[in-house]
Each structure stands twice: as C-alpha cells, then as structure tokens.
There are 2 protein chains.
Amino acid sequence: MGVTIVENQPVERIKKIGKILDDKKTGTGLCPIHDFLNHFANKWSMLVVLNLGYAGKPRFSELKNMITGISQRMLTVTLRSLEEDGLVLRKLYAEIPPRAEYELTPLGKSLLDVMMSLGEWASKHEAEITKARKQFRKANNGLRKK
Amino acid sequence: MGVTIVENQPVERIKKIGKILDDKKTGTGLCPIHDFLNHFANKWSMLVVLNLGYAGKPRFSELKNMITGISQRMLTVTLRSLEEDGLVLRKLYAEIPPRAEYELTPLGKSLLDVMMSLGEWASKHEAEITKARKQFRKANNGLRKK
DNA sequence: CGGCATCCGAGGTGATACTG
DNA sequence: CAGTATCACCTCGGATGCCG
C-alpha cells in the first residue's frame with residue numbers, strides 16, 4: 001500500500017499552505033503570514049481583539065479590567081498598533097472627564113472569526129498540551145537537561 | 001430603539017468568546033487562550049507549524065532553508081518547544097552523518113487547520129492592512145508624532 | 001479619565017564557535 | 001548534519017510620574 005504518498009493528507013491542503021507561504025513577496029521580502037506575524041504575534045494583540053469582540057465598544061479602563069495582567073502601557077501600545085493596522089477604531093470624546101471608545105472595524109471583525117477558531121482550539125486542546133508537557137519533562141528528566 | 005444591544009453581532013458569538021476568555025482557570029489563573037499565547041505567540045512557532053504541514057517530514061536543514069530568516073538556534077528552540085507541547089514529533093536516526101526528521105503529531109495537524117485559516121486571512125487582507133498603515137501614518141503625521 | 005514619556009530590568013534573538 | 005554553548009544585543013514590557 002502507498003506508504004508515504006499523499007497519506008491522509010489532501011493534496012489540496014498542501015497547495016493551500018504553499019500559497020500562504022510563497023505568495024508574491026510583500027515588498028518586505030516576506031510571505032504575508034510572516035509579515036503579519038511580525039506585527040501581530042504577541043500575546044496581547046489577540047487577547048485585545050477577542051475582548052473587543054466580546055465587549056462591543058468598551059472604554060479604555062473597561063478593556064484594561066477585562067484583560068487579566070495587561071498593563072496600561074501595553075494596552076495603549078497594542079491598541080495603537082491595531083488601530084494603525086486598521087483593525088480597531090478609536091473614538092475620543094472631548095469631554096470632561098475624557099472618554100474613549102474602542103471597537104473593531106469590519107476588518108477587525110473578520111479577524112475575530114479566525115481568532116475565535118484559535119481560541120476554541122486552545123480551549124479544546126489545552127489539557128492535551130499540559131499533559132504532553134508533563135510527559136516530555138518526565139521522559140527527558142536529566143537526559144537533555146543541561 | 002435598542003442602541004447597543006445585539007446590533008448585528010450574534011449573541012451566540014458573544015457567548016462563544018466569553019467561553020474562550022473565561023473558561024475554568026487553567027491552574028495558572030489564566031484563561032486557556034492566554035496560557036496558549038504565552039507559549040505560542042511568537043513569530044516562529046506558527047511558521048514552523050505551517051512549513052511542517054507543507055513539507056511532510058523535513059530534515060532539520062531542509063526546514064531551516066524553507067523558513068526565511070530563521071536562525072539555527074531559533075529553529076532548534078522553536079522545535080523543542082513545539083515538541084514539548086506535543087505538536088511536533090522528532091525522529092533522530094543514529095547514523096553518520098546524523099539525520100533528524102520532524103513531523104506534526106495529530107495534535108499538531110489539528111492546529112495546522114487553524115493556522116491555515118490565519119494564514120489565509122493574512123494572505124487575503126495583507127493589502128488592506130498595508131494600506132491602512134499608510135493612511136494612518138499620513139493622517140497622524142506630525143500629530144501624534146513625538 | 002485616558003493617556004504619553006521616561007527609565008530600567010528581563011528575556012528573546014542572533015552571531016559565532018564548538019561537539020558528537 | 002544536527003545540534004549545543006556562550007555571549008552580546010536590543011526589543012519588550014512593567015513601574016513611575018506627568019499632562020490635558
């Protein structure tokens with residue numbers, strides 16, 4: 001029987017990945033996903049997007065309270081970055097005291113869908129990963145250790 | 001009229017996100033997605049997973065050549081981390097010269113699906129983001145600048 | 001309240017050299 | 001070939017203080 005060929009891996013999938021990876025260079029010389037990750041692969045961006053999707057139009061302090069462990073600075077920086085990328089819309093009301101509202105743009109909402117998939121995956125497989133980590137550490141205890 | 005309620009945002013989606021965010025704490029006191037991101041939110045992990053999904057069972061050096069810009073060290077570290085999380089399987093053949101093969105575990109393949117969604121999103125919206133960035137910079141030139 | 005500027009330490013990342 | 005080890009950098013991210 002066919003040992004390695006195709007296996008249960010659809011050829012179509014391979015093509016898809018190839019497209020993601022190769023895609024006409026972005027001018028930066030990187031594939032789109034790479035370029036995307038450069039800006040977006042940090043733990044706060046995704047959490048902010050998810051929480052914005054959850055909350056609707058939270059104010060700055062509301063958002064800060066929602067996201068466990070985030071500092072004011074990081075929330076500011078992350079929001080600014082997302083705003084710059086066109087994923088988040090910032091509305092500042094010139095009131096006293098000042099008020100700011102944040103919400104996802106349509107582009108941001110489209111990303112939210114993907115983020116949700118990722119979140120659901122994490123939620124679903126979290127236990128598996130934790131288990132794998134323990135096994136790994138047990139198996140390699142004193143082996144690959146320094 | 002109901003100003004903020006529901007809007008065009010399905011209630012079901014809100015519930016889903018809430019679940020992702022709140023889920024019974026992971027023991028670390030963080031929601032699953034947060035915990036996941038702590039280990040996984042760096043630019044290399046996702047690229048390695050995607051390339052492994054693409055290549056099948058590449059050797060170390062093959063993988064290194066596939067991923068633009070990654071250093072030997074970072075590839076090693078990333079692979080080790082993924083292996084520890086149970087996403088990647090490493091087969092080392094005791095030959096001369098040595099040979100190592102890497103492949104995704106079933107768990108890793110399930111993540112691949114999600115990564116592909118992310119990759120397709122990035123590929124699809126990359127131009128939009130680039131455009132948004134330029135606009136943002138133009139609009140705020142000398143405004144929010146230092 | 002909603003930021004921004006600054007300082008500073010910890011850790012991520014790369015270059016280089018070495019080993020089995 | 002497939003790593004490990006060491007070092008040096010340099011960005012990330014927290015703490016603090018100030019402003020509109």
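Each chain gets a letter, A, B and so on, in the order its sequence line appears, and its residues count up from 1. Small disclaimer: the values here were computed from a predicted structure and weren't measured.
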Take the protein atom CG of A:Asn38 and the nucleotide atom P of D:dC12, then report the distance between them rounded to whole Å. 10 Å

Does the distance from a Lys or Arg side-chain N to an Asp or Glu carboxylate O, for B:Arg90 and B:Glu103, drop under 4.0 Å? no

Under 3.5 Å between N/O atoms: give me all the protein pairs with nucleotides 13-15 of chain D, atom names plus distance.
from	atom 1	to	atom 2	distance (Å)
D:dG13	N7	A:Arg73	NE	3.4
D:dG13	N7	A:Arg73	NH2	3.1
D:dG14	OP2	A:Ser71	OG	2.9
D:dG14	N7	A:Arg73	NE	3.4
D:dG14	O6	A:Arg73	NE	3.2

Nearest to the side chain of A:Pro98, heavy atoms from C-beta on, is which of C:dG2, D:dA2, D:dC1? C:dG2

Under-4.0 Å side-chain N/O to phosphate OP1/OP2 contact, A:Ser61 with C:dC1: no

Send over the distance from B:His39 NE2 to C:dG12 P, rounded to a whole Å. 10 Å

If you check the B:Ala100 side chain, which of D:dC1, D:dA2, C:dG3 turns out closest? D:dA2

Picking from A:Arg137, A:Lys131, A:Arg133, what satisfies salt bridge (charged side-chain N to carboxylate O under 4.0 Å, His left out) with B:Asp85? A:Arg133

Interatomic distance, B:Arg80 CZ vs D:dG3 P [rounded to whole Å]: 7 Å

Count I, L, V, M, F, W, Y as connected when their side-chain heavy atoms are under 4.5 Å apart, and connections chain through other members. Are A:Leu107 and A:Val48 then in the same cluster? yes

Would you confirm whether B:Asn42, through its side chain, and B:Trp44, through its main-chain N or O, come within 3.5 Å as a donor-acceptor pair? yes

Whole-Å distance, A:Leu75 CG to C:dC1 C1', equals 13 Å

Starting at CG of B:Leu37 and ending at P of D:dC12, how long is that distance when rounded to a whole Å? 17 Å

Can a donor-acceptor pair be found, under 3.5 Å and without considering hydrogens, that links the side chain of B:Asn51 to the backbone of B:Leu47? yes

In whole Å, what is the span from the CZ atom of B:Arg59 to the C1' atom of D:dG3? 13 Å

Residues in salt bridge (Lys or Arg N to Asp or Glu O under 4.0 Å) with B:Glu128, at least two apart? none

Return the nearest nucleotide to the side chain of B:Thr76; candidates are D:dC1, C:dC1, D:dG3. D:dG3

Do any side-chain nitrogens or oxygens of B:Tyr102 fall under 4.0 Å of OP1 or OP2 in D:dG3? yes

Can you tell me the distance, in whole Å, between the CG atom of B:Leu92 and the P atom of C:dG20? 15 Å

Rounded to whole Å, the CZ-C1' distance (B:Phe60 to C:dG20) equals 15 Å

Test salt bridge (Lys or Arg N to Asp or Glu O under 4.0 Å) applied to A:Arg73 - qualifying residues, sequence neighbours left out: none

Would you mind classifying the nucleic acid contact of A:Gln72 as base, sugar-phosphate or nothing, using non-hydrogen atoms under 4.0 angstrom? base

